[in-house]
Amino acid sequence: MQANLAKHWSLLQQHAERLKSQPLCDLFAADAERFSQFSVHLDDLLMDFSKEKIDQAALAALLQLAQAAQVEARRDAMVQGEKINSTEQRAVLHMALRDGIPAGVQVDGQDVLKEVAAVRERFLDFAEAVRTGAYKTVSGQAFTDVVNIGIGGSDLGPVMVTTALAPWHDGPAVHFVSNVDGAHSVDTLKGLNPQTTLVIVASKTFTTAETMLNFSTALAWLKASLGEQAGQHVAAVSTNLAATRSYGIEDTRVFGFWDWVGGRYSVWSAIGLPVAIAVGKQAFTEFLAGAKAMDEHFRSAPLAQNLPVLFALLGIWRRNLLQYPTVALIPYDQHLARFPAYVQQLDMESNGKRVQLDGSPIQTSTGPVIWGEPGTNAQHSFFQLIHQGSEVIPVDFLAAANPSSQSEFADLELHHETLLTNVLAQAQALAFGRDAEAVRADLQAAGLSAVQIEALVTHRTFPGDRPSTLMLYRQLTPYTLGRLVALFEHKVFVQGVIWGVNSYDQWGVELGKKLANVLAPALHDRTVPAGVDASTAGLLQHIHALRA
Ligand code: F6P
């Protein structure tokens, strides 16, 4: 814990003790204005946090914590290009990718916005050339399919955004290969025609083992059909231009970005190329504009009205004060089916940390476990546990007021009304539950005997008092999506500042990679390395036997 924050944490603990014993229904009963007091909006995007176990005094204490942690000064340092990623000595400027920083910011003597604009123009032009057929296959046809090969930030962003913007998808079909499990490559490529398929290799470092192996498989697949001309069906996105050259990928089809863009913050860069091919330049530009609007809000709105700041503080309240270890992220929006997976990387790779910036251990809990699936499906699988399980799991709901497309055969208004009634009902049930008295009355009305009623009453009681926040917006458009993703990015930033961690490195993923390199020869040669632990040795022997 940062020493100067101790008094703020201790005040917040007192508020948490007080509020723990005040059910949400009492908080609502005590304040007719609770909805307007505990909701904020940016244009049509509303964040309703009235169903969180919070009151004005606790919120004020959280805002003081943010001030004391110097959230605004740290935000300004990020925006100005200071090297706030201290363990890698890098600036953190993903906001620049959507023009969300002021003109003139430089990193190592380079004008950031100018560089961004130049690469953006190149990759959006290339996307248009693929879409229109101006960039042709070796046999002079238009590309029908694109396969993006990448993993982590070089996959999850493009997958999530392409899925979310399905109604805008009017370009070639876009496919994604990420897992090194050969099934992913084979299952994807076997349905495609190499004569009309473009492969994009997306890797910030261009050294990620999974991506390089998947690329070599795809290249072999292309070569079997196109021979030496296969390279014309390959494009790359990377910060490592020396490596793309060493793979023989022609510079005209290589789109760079910068070490000040973290992988999980890179969908706005040329990493978004498959998205731009799918939905086109205009929709991609609107996606960037939505994020820029959130950036401007984040940079200028006072803390008490600042959506990302408030969202972050609610997360701190849940995690550190009420001590809920997980968050369920439930979009009532099928197009956001991959949003929870995307936010998992964004949040858990950023704030899954146990030491502070100075290397000392953190005294508080940090990033929660984030998980989720779209509603209404989730209601029919794990919601039972959220309603009646022994742990409290706060929920972040996302919902649009309108469907994002129209249909000739489906009554999408009716579908959407049903979707919305469900999200509202779930949030209500979580917050207010159904007490034993009401359950008894229901069962009595259904004609059950007193004995039958008493046997069922505890099973059918909902404790309620389970918090949720709802993000509600007009419609899921490219602009809305950009705004939403930037909201989550800035939330992660603010929480990282309060916890005093570096949200922009990811050393925790390195050890497994190193050990995999050591074990690779053992798998290949069917040996057991000397000195390996007994469990791994036993497992290797079992694998070798099963492969015999
Ligand atoms: O292993 C984690 C990670 O480094 C992520 O941070 C990153 O998004 C992913 O791997 C892919 O890295 P690259 O884009 O360099 O292939």
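Throughout, numbering of the chain's residues begins at 1 and tracks the sequence. All ligand and atom numbering here is 1-based and tracks the order in the structure. The figures that follow rest on heavy atoms only: side chains count, while hydrogens, waters and symmetry mates do not.
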Engineer: Among residues at least two apart in sequence or on other chains, which ones pass side-chain hydrogen bond (donor to acceptor under 3.5 Å, both in side chains) with S468?
Structural biologist: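 Partners of S468 by the side-chain hydrogen bond (donor to acceptor under 3.5 Å, both in side chains) criterion come out as none, since no residue qualifies.
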Engineer: Less than 4.0 Å between a side-chain N and a carboxylate O, is that true for K353 and D505?
Structural biologist: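 Salt bridge flag = yes for K353 with D505.
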Engineer: Does a donor on one side chain and an acceptor on the other come within less than 3.5 Å for E489 and W268?
Structural biologist: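 Side chains of E489 and W268: pair found under 3.5 Å.
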Engineer: Is it true that D347 and R264 make a salt bridge, defined as a side-chain N closer than 4.0 Å to a carboxylate O?
Structural biologist: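 Not counted as a salt bridge, because no side-chain N and carboxylate O are separated by less than 4.0 Å.
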Engineer: Could you please provide the protein residues found below 4.0 Å of ligand 1 on a heavy-atom basis, arranged by chain and number?
Structural biologist: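 Shell around ligand 1 (4.0 Å, heavy atoms): I151, G152, G153, S154, S203, K204, T205, T208, G263, Q345, E349, Q506, V509, K513.
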Engineer: Can you pull out every salt bridge (Lys or Arg N to Asp or Glu O under 4.0 Å) where at least one residue sits in residues 104-116? Sequence neighbours excluded, please.
Structural biologist: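 Listed once each, the pairs are K83-D108.
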Engineer: Going by the rule side-chain hydrogen bond (donor to acceptor under 3.5 Å, both in side chains), which residues pair with H490 if we only count those two or more places apart in sequence or in a different chain?
Structural biologist: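 Scan of H490 (side-chain hydrogen bond (donor to acceptor under 3.5 Å, both in side chains), adjacent residues dropped) gives D295.
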